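One structure is given here, and the rest of the page talks about it.
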Amino acid sequence: MHVLGIETSCDETAAAVVSDGRRVRSNVVASQIDVHAAFGGVVPEVASRQHVLAIIPIVRRALAEASLGWPDIGAIAVTAGPGLAGSLLVGVNAAKTLAFAFDLPLVAVNHLEGHVAANWLVEPEPEFPLVCLIVSGGHSDLILMTAPLTYRLLGRTRDDAAGEAFDKVARILELGYPGGPAIQRAAASGDPARLHLPRAWLGDSYDFSFSGLKTAVLRVVESRAAGEAYTDLTNADIAASFQEAVVDVLVTKTRRATEEFGIRQVLLAGGVAANALLRQWAKQRIPGPVQYPPLQYCTDNAAMIAAAGYFRFQAGERADLSLDVAPNLALV
Ligand code: KG4
Ligand code: ZN
């Protein structure tokens with residue numbers, strides 16, 4: 001069964017066709033990065049308007065690249081939340097209109113479930129039970145899954161999400177937007193051993209906290225600018241030290257969860273799962289099989305939405321034309 005996925009929760013207009021939840025036939029993403037970079041971050045109203053411009057051409061391209069027409073499509077899956085309300089509305093309205101026009105079933109997808117489902121787009125198929133670390137611009141959730149579509153929340157961020165911390169620190173270091181790839185690039189030529197930054201372990205909790213780390217970076221940069229301290233540190237050193245601090249906490253807590261719950265399989269998901277150090281340390285420091293999606297399925301895309309939508313469809317879920325957006329939708 002071919003599912004058309006539509007994703008517009010933030011600043012990517014995306015459409016994709018996926019067969020049986022696992023085989024990607026097409027995956028089209030129109031990034032708005034250039035539009036928002038001038039503002040140093042996503043401007044919600046600008047994002048909505050870009051979605052309005054892009055959505056129909058992107059859906060058309062997804063079908064064309066899959067070499068399929070409307071009669072071949074079995075269902076439409078669309079991100080209903082979480083995300084920016086105005087952005088979500090464009091995708092949801094497009095999906096409802098297309099479902100009505102072509103008389104197709106409609107499935108509402110939680111964006112975070114989409115990030116998890118991205119791990120089913122490649123081989124080998126992940127095995128339950130598993131621990132999944134979802135780290136994106138808006139979320140840092142550590143999840144225990146004993147079966148498909150069932151989520152137990154072990155911990156989540158108490159303040160900034162991991163990706164948000166990358167974006168904010170990149171701004172402090174004037175490295176540009178989006179921050180994650182910029183920090184990773186800068187860190188490559190830095191020495192993390194030249195600066196120790198604090199980790200918020202939060203005792204036995206699986207929760208995360210990254211705002212103290214961000215403030216610590218700000219203090220270092222301010223002291224350096226005033227010539228009081230850290231004057232021999234480069235931005236690359238600070239980026240490298242920051243990246244290690246974030247990854248250290250993410251990997252250590254994920255490994256501890258696998259030990260406590262006796263789990264072998266670990267999945268990484270979300271935009272920050274594109275981070276090379278996170279991928280490397282997770283593989284090195286966690287004993288069981290660690291999987292993560294290829295880069296193009298880590299950051300926002302519609303293939304992951306089509307995959308999650310297929311699994312929900314198989315479970316009997318349908319949305320109707322009264323579907324609304326849910327900007328604060330949680331996974332658990
Ligand atoms: O999943 P995503 O594309 O959108 C949300 O659902 O939020 O995640 C975007 C986040 C941004 O904060 C971005 O800076 C971060 O993922 N990111 C990275 C990397 N690539 C993207 N963070 C660290 N290292 C990367 N290579
Ligand atoms: Zn996302």
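Predicted model only: the values in this text are computed from it and were never measured. Note that ligands are numbered from 1 as they come in the structure, with each ligand's atoms numbered from 1 the same way.
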>> For L278 versus L268, what's the shortest heavy-atom pair and its separation?
In response: CG-CD1, 4.1 Å
>> Can a donor-acceptor pair be found, under 3.5 Å and without considering hydrogens, that links the side chain of S87 to the backbone of G83?
In response: no
> H115 heavy atoms, cut-off 4.0 Å: which ligand 1 atoms fall inside?
Replying inline: 1 (O), 6 (O)
> Going by atom types alone, do D20 and H2 pair a side-chain donor with an acceptor below 3.5 Å?
Replying inline: no
> Does NZ or CZ of R199 fall inside the cone over W201's six-membered ring, less than 6.0 Å from its centre and within 45° of the axis?
Replying inline: no
> What residue and atom, counting heavy atoms only, is the protein's closest point to atom 3 (O) of ligand 1, and at what distance?
Replying inline: D300 N, 3.0 Å
>> For the residue pair R156 and F208, would you count it as a cation-pi contact if the rule is NZ or CZ under 6.0 angstrom from the ring centre and within 45 degrees of the ring axis?
In response: no
> So, is T299 polar-close to ligand 1, with some N/O to N/O distance under 3.5 Å?
Replying inline: no
> Closer than 2.8 Å to the Zn ion (ligand 2), which protein N, O or S atoms?
Replying inline: H111 NE2, H115 NE2, D300 OD1
> Counting heavy atoms only, which part of H139 comes closer than 4.0 Å to ligand 1: side chain, backbone, both or neither?
Replying inline: neither
>> Name the residue from L250, V247, I183 that meets the side-chain contact (heavy atoms from CB on, under 4.5 Å) definition with N275.
In response: V247
> What are the atoms of ligand 1, with element, lying closer than 4.0 Å to any heavy atom of A274?
Replying inline: 20 (N), 26 (N)
> Any luck finding a side-chain donor-acceptor pair between D300 and H111 under 3.5 Å?
Replying inline: yes
>> Give me the residue, atom name and distance of the protein heavy atom closest to atom 24 (N) of ligand 1.
In response: N275 ND2, 3.0 Å
> For atom 25 (C) of ligand 1, which protein heavy atom lies nearest, and how many Å away is it?
Replying inline: G180 C, 3.6 Å
> Who's the nearest protein heavy-atom neighbour of atom 26 (N) of ligand 1, and how far?
Replying inline: Q184 OE1, 2.9 Å
>> Suppose I only count heavy atoms of G138 and a 4.0 Å limit; which atoms of ligand 1 are within that range?
In response: 7 (O)
> Do any nitrogen or oxygen atoms of G137 come within less than 3.5 Å of a nitrogen or oxygen of ligand 1?
Replying inline: yes
> What atoms of ligand 1 come closer than 4.0 angstrom to any heavy atom of P181?
Replying inline: 19 (C), 20 (N), 21 (C), 25 (C)
> Should the pair R219-E222 be classified as a salt bridge under the 4.0 Å nitrogen-to-oxygen rule?
Replying inline: yes
> Do ligand 1 and G163 have nitrogen or oxygen atoms that lie under 3.5 Å from each other?
Replying inline: yes
> Within a reach of under 6.0 Å around CZ of R194, are more than 12 heavy atoms found that belong to other residues, nucleotides or ligands?
Replying inline: yes
> Could you give all pairs that pass the side-chain hydrogen bond (donor to acceptor under 3.5 Å, both in side chains) test and reach residues 117-128, with sequence neighbours left out?
Replying inline: R22-E125
> Any idea which protein heavy atom is nearest atom 17 (N) of ligand 1, and the distance to it?
Replying inline: G271 O, 3.5 Å
>> Testing the 3.5 Å rule here: is there a donor-acceptor pair between the side chains of Q243 and S241?
In response: no
> For residues R158 and S205, is any side-chain donor paired with an opposing acceptor at under 3.5 Å?
Replying inline: yes
Determine all donor-acceptor pairs shorter than 3.5 Å in which one atom belongs to a side chain in residues 315-324; sequence neighbours excluded.
| residue | atom | partner | partner atom | Å |
| --- | --- | --- | --- | --- |
| E317 | OE2 | R312 | NH1 | 2.6 |
| R318 | NH1 | F313 | O | 3.1 |
| D320 | OD1 | S322 | N | 2.8 |
| D320 | OD1 | S322 | OG | 2.4 |

> Relative to ligand 1, is D167 under 4.0 angstrom through side chain, backbone, both or neither, heavy atoms considered?
Replying inline: side chain
Would you list the atom pairs, donor with acceptor, under 3.5 Å between side chains in residues 163-174 and any protein atom, with sequence neighbours excluded?
| residue | atom | partner | partner atom | Å |
| --- | --- | --- | --- | --- |
| E164 | OE1 | A161 | N | 2.9 |
| E164 | OE2 | K168 | NZ | 3.1 |
| D167 | OD1 | G179 | N | 2.8 |
| K168 | NZ | D160 | OD1 | 3.1 |
| R171 | NE | G40 | O | 3.4 |
| R171 | NH2 | G40 | O | 3.3 |

>> When you compare ligand 1 with P178, is there at least one nitrogen or oxygen pair between them that comes in under 3.5 angstrom?
In response: no
>> Which residue and atom name correspond to the protein heavy atom nearest atom 6 (O) of ligand 1, and how close is it?
In response: H111 NE2, 3.1 Å
> For ligand 1, which part of E12 has a heavy atom less than 4.0 Å away: the side chain, the backbone, both, or neither?
Replying inline: neither
> Do any nitrogen or oxygen atoms of F166 lie less than 3.5 angstrom from nitrogen or oxygen atoms of ligand 1?
Replying inline: no
> Does Q291 reach the main-chain N or O of P124 with its side chain, forming a donor-acceptor pair under 3.5 Å?
Replying inline: yes
